[in-house]
J.: 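Have a look at this one before I ask anything.
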Amino acid sequence: MENKKELLKYMIFAGVMGIVVGGIDTVFGKGLILIGEIRNKYFWYLIPFLPIAGIVITWLYYHFNELSLKGMTLVFETGQQKRKGIPLALIPLVMIGTWLTHLFGGSAGREGVAVQIGATISHYFTKYFHFPKNGKVLLITGMAAGFAGLFQTPLTALFFAMEVMVIGKKSMKLYFQGL
């Protein structure tokens, strides 16, 4: 009976997390499309302000949450249990930073942001809904949800998230024994 309750809890968790991460990824992705259109239309006017945008992005990180500067390293350290948490401030900071970078003609990836969004949401849900013994698995689930939400590739997202968390391990077998 206890296993059925736990399974139901995980299914609800996965559904809610997928909806939340998918919604945030949609806002992020639609924002990138809109920003790309603006940048393409006004490229010559915007590009000279890229250094100023860089200063603004740096100021935002230092002013609101300096720990968020670690980005993916923060996600890796949390997955490896070297760090206790991922601040929720990471989500708006990486989104705004990427939007500003794209708007002013800079080069910034999207997949890392999507993965960080998913990891942050799943980590927050894991703590809030008390899933302490499966935090690593749920972090990977969140990473996959972030990737799948932005690129609409759920199976690829799963393998991507597993690969990201296996970095530094000798084999997948060793990784799964560690779960």
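Just so it is clear, the model here is predicted, and its values are computed rather than measured.
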J.: Do the side chains of Thr78 and Lys84 get nearer than 4.5 Å, heavy atoms only?
T.: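 Not in contact.
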J.: Between Ile24 and Tyr128, is there shared hydrophobic-cluster membership here, with clusters defined by ILVMFWY side-chain heavy atoms closer than 4.5 Å?
T.: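 Yes, one cluster joins them.
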J.: Hey, mind stepping through Lys82 and Glu77 against salt bridge (charged side-chain N to carboxylate O under 4.0 Å, His left out) and telling me if it holds?
T.: CA-CA 5 Å; Lys82 294 178 182 176; Glu77 289 175 354; over 6 Å; no
J.: With a 4.5 Å cut-off on side-chain heavy atoms, are Val20 and Phe125 touching?
T.: yes
J.: Quick one: do Val94 and Phe28 satisfy side-chain contact (heavy atoms from CB on, under 4.5 Å)? Show the steps, please.
T.: CA-CA 10 Å; Val94 296; Phe28 175 63; over 6 Å; no
J.: If I take atom CE from residue Met95 and atom CG from residue Asp25, how far apart are they, to the nearest 0.5 angstrom?
T.: 8.0 Å
J.: Under a 4.5 Å side-chain heavy-atom rule over Ile, Leu, Val, Met, Phe, Trp and Tyr, are Leu90 and Val56 clustered together?
T.: yes
J.: Please round to the nearest 0.5 Å and tell me the distance separating atom CG of Leu88 and atom NE2 of His123.
T.: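 Here the interatomic distance stands at 9.0 Å.
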J.: Any chance you could lay out the side-chain contact (heavy atoms from CB on, under 4.5 Å) test for Phe49 and Leu103, step after step, and finish with the verdict?
T.: CA-CA 10 Å; Phe49 296 100; Leu103 177 64; over 6 Å; no
J.: To the nearest 0.5 Å, what is the distance between CD1 on Ile96 and CG on Leu60?
T.: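 Here the interatomic distance stands at 6.5 Å.
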J.: Going hydrophobic residue to hydrophobic residue with side-chain gaps under 4.5 angstrom, can you get from Ile35 over to Ile52?
T.: yes
J.: Please report the shortest heavy-atom distance between Pro87 and Asn65, naming the atom on each side.
T.: CB-ND2, 3.3 Å
J.: Determine whether a donor-acceptor pair (N or O, by modelled atom type, separation under 3.5 Å) exists between the side chain of His102 and the backbone of Ala108.
T.: yes
J.: Decide if atom CZ of Arg39 counts as having more than 12 heavy atoms of other residues, nucleotides or ligands within a radius under 6.0 Å.
T.: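 Counting neighbours around CZ of Arg39, more than 12 heavy atoms of other residues, nucleotides or ligands fall under 6.0 Å, so yes.
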J.: Between Gln116 (side chain only) and Gly112 (backbone N and O only), is there a donor and an acceptor less than 3.5 Å apart?
T.: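 Yes; at least one donor-acceptor contact below 3.5 Å.
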J.: Step by step, work out the side-chain contact (heavy atoms from CB on, under 4.5 Å) result for Ile47 and Phe104.
T.: CA-CA 5 Å; Ile47 195 80; Phe104 292 101; over 6 Å; no
J.: At what distance, to the nearest 0.5 angstrom, does CG of Leu50 lie from OG1 of Thr101?
T.: 7.0 Å
J.: Taking Leu67 as the starting point, is it possible to reach Val115 by hopping between hydrophobic residues whose side chains are less than 4.5 Å apart?
T.: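 Yes, Val115 connects to Leu67 through the hydrophobic network.
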J.: Quick one: closest heavy-atom pair of Thr26 and Gly22, and the distance?
T.: OG1-O, 2.7 Å
J.: Is there a path from Leu100 to Ile38 through hydrophobic residues (I, L, V, M, F, W, Y) whose side chains come within less than 4.5 Å of each other?
T.: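 Both belong to a single hydrophobic cluster.
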J.: Distance from Thr120 atom OG1 to Ile86 atom CD1, nearest 0.5 Å?
T.: 4.5 Å
J.: Would you indicate whether the side-chain heavy atoms of Leu150 and Glu111 approach each other to under 4.5 Å?
T.: no
J.: Minimum heavy-atom separation for Val75 to Ala119, with atom names?
T.: CG1-CB, 3.7 Å
J.: If you round to the nearest 0.5 Å, how far is CD1 of Ile121 from CD1 of Ile19?
T.: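 It is 13.0 Å, given to the nearest 0.5 Å.
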J.: Donor-acceptor check, side chain of Trp59 to backbone of Gly54, threshold 3.5 angstrom: yes or no?
T.: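 Judged by distance alone, no pair lies under 3.5 Å.
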